[in-house]
Asks: 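Mind having a look at this structure? Questions to follow.
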Amino acid sequence: MNVSIKTLMFASLTAASAVHADTTQTQPLVRATVSTDSAMVAAANPLAVKAGVDVLAKGGTAADAAVAVQMMLNLVEPQSSGIGGGAFMLYWDAQAKKLLTFDGREKAPASATPEYFYGDDGKPMKWWDGVVGGRSVGVPGTLKLVEHVHAKYGNQKWMSLLIPAIVKAQIGFEVSPRLHKSIAAAQERKLDLFESTRNYFFNEDGSPVAQGSYLKNPEFAQALREIGINGSAPFYTGRIAEDIVAAVATETNPGEMTLEDLANYSVIERAPVCVPYRAHEVCGMGPPTSGGLTMAQILTMLNNHDLPSMGPTAEAWHLYIEAAKLAYADRGLYMADADFVDMPEGLLDKTYLAQRAALIDLEQAMEKAEAGVPPKEDADRFSPDTQPERAGTSHFSIVDQFGNIVSMTTTIETGFGSRVMTNGFLLNNELTDFSFAAEREGLPVANRVEGGKRPRSSMSPTMVFKDGAPVLAIGSPGGSRIINYVTQKVIAILDWEMDLQAALDLPHVVNRNGATDLEENTAATDYQGALEALGHKVKTRGLNSGLHAIAIEDGKLFGAADSRREGIAAGF
Ligand code: GLY
């Protein structure tokens, strides 16, 4: 089958009034859920979706399509993800009827110590001071992740999956409104500090490349050609590895990554984190992301409340907010890379979570929640992590004609990562997802920096099952708000039976164990009075998710892309 971009069933996109405001929000759109019979991709950019759908149309698997989508995203949405970053993937193997989860998270260099982000004054740096430069760059995992999953589940030639991105990089791609706006916004955040980054994203007069202009990336095309011929070897042990090590040795904030760090990088297959939620099972990624566990805690605490009959009301949001506060409190204290930290075994213990849920007062909001003491856990082992996370991430969902499914969240951390660029791709600043403070009041922070450790993430690639069969793949960017975005859309789809597009576009109500954020200029602000009457501290602000989801119902596929960004869902 040969599918051209014109024959793809794109979501209907119509300009509408500005509903969502955010510095990098560019294209408020009214969309509709897309329905197809066989295969689908939902991702943050139409060119990436087309690259993936073309692979699926040739008989490729979801694993094949994920390679093509990721490489194209690297080119056309370079601020959010790419081979210079890390990712987590959930893969449903339809033949084996098995869910696998793959950890391609970045790692700290082997030499890193808990004081890695301490300044000359012996104190933890300010967060932004740690971001810019090679110091924040973790050993990237995304390329090895897609290569690993392709080797296991792909049926298309590796090189063929890179060709769409190579061609676009060579001939140029149209700079999207969002990319242009993101470059302009990041200029204030030192995006033009390093020469190679400045030369790529800015004109000679220092202005950001214009929206609608064609941007060529021959260096990236060359890197992908070498990776297409030799696999990930040039990146982890060859020419590109040498360039990465040289690039992170920036004058300001130099990194410590070595060739050995790159050569030693490995993808880890981990056990999924699954919990029952009413008639469904919700599955996510385990540590080093906090996403799966925190979502699972929130949903388990809400399982005994009748959210389905409440609908999206202040009453339901009160319960959601309180459960989120309790879960984020545990996240802050305990969750980190479980290969380095003995995390409590009982975080999903039903009795423990029932005790936690009993702390929710139906009439009164709690102040900041304290972390609980799960079974077999010694209290006072850790001190909480208060590290911020910025929203420079992307999520895509894919279903192939064989029923295999990918739910992958992929990141270079904040928009444009460390600002350090080599071979046409940006290097991540993922190490700033570690706690800069190693300890507080004599107790270690679980998510402190350690050599070879993976920083705690909030990424929450998710799949939902009914009677053992997959019914939904979903995820989002959004820093530590990701967990809120994904959890409440799962509730909207399962409990409130909302149409998929309507669920993604449902205005956000977010709590990370502090004030409640209501999405500004949306109907979420209507809850402000009722929530304040219950004692909630409420703020309104832009909340820029990027949810991309595919639902499976009665043999048909339904896809949707977050109206807050410029992605689409399409297939055949
Ligand atoms: N850096 C975003 C995350 O991993 O959650």
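Atoms within a ligand are numbered from 1 in the order they appear, just like the ligands themselves.
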Asks: Should you measure from each heavy atom of Glu413, which atoms of ligand 1 turn up under 4.0 Å away?
Replies: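 Near Glu413, the atoms of ligand 1 are 1 (N), 2 (C).
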
Asks: What atoms of ligand 1 come closer than 4.0 angstrom to any heavy atom of Ser458?
Replies: 3 (C), 4 (O), 5 (O)

Asks: Would you say Glu439 and Ser383 are linked by a side-chain donor-acceptor pair, where the criterion is simply a distance under 3.5 Å?
Replies: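 Absent: no donor and acceptor within the cut-off.
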
Asks: Kindly indicate whether a cation-pi arrangement holds for Arg189 with Phe416, taking the cut-offs as under 6.0 Å to the six-membered ring centre and within 45° of the axis.
Replies: no

Asks: Using a strict 4.0 Å cut-off to heavy atoms of Arg105, name the atoms of ligand 1 that fall inside it.
Replies: 4 (O)

Asks: Say whether, by atom type as modelled, one donor and one acceptor occur between the side chain of Asn511 and the main chain of Lys325 under 3.5 angstrom.
Replies: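 A pair under 3.5 Å: no.
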
Asks: Are Asp433 and Arg105 close enough for a salt bridge, meaning some N to O gap below 4.0 Å?
Replies: yes

Asks: What part of Arg456 sits under 4.0 Å from ligand 1 if we count only heavy atoms: the side chain, the backbone, both or neither?
Replies: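 The answer is neither; Arg456 stays 4.0 Å or more away.
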
Asks: Near Met459, which atoms of ligand 1 are under 4.0 Å from a heavy atom of that residue?
Replies: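 Atoms satisfying the 4.0 Å criterion: 3 (C), 4 (O), 5 (O).
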
Asks: Here's one to test your reading of the geometry: is the NZ or CZ of Lys123 within 45 degrees of the ring axis of Tyr118 and under 6.0 Å from its centre?
Replies: no

Asks: Is the closest side-chain heavy-atom distance between Lys489 and Ile474 below 4.5 Å?
Replies: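 When only atoms from C-beta onward are counted, Ile474 and Lys489 do touch, with a gap below 4.5 Å.
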
Asks: Check each atom of ligand 1 against the heavy atoms of Asp433 and keep those under 4.0 Å away; list them by number with element.
Replies: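 Once the distances to Asp433 are compared, the set is 1 (N), 2 (C), 3 (C), 4 (O).
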
Asks: Under 3.5 Å, N or O to N or O, is Thr393 touching ligand 1 that way?
Replies: no

Asks: So if I count the atoms of ligand 1 from 1 in the order they appear, which ones are less than 4.0 Å from some heavy atom of Glu430?
Replies: 1 (N), 2 (C), 4 (O)

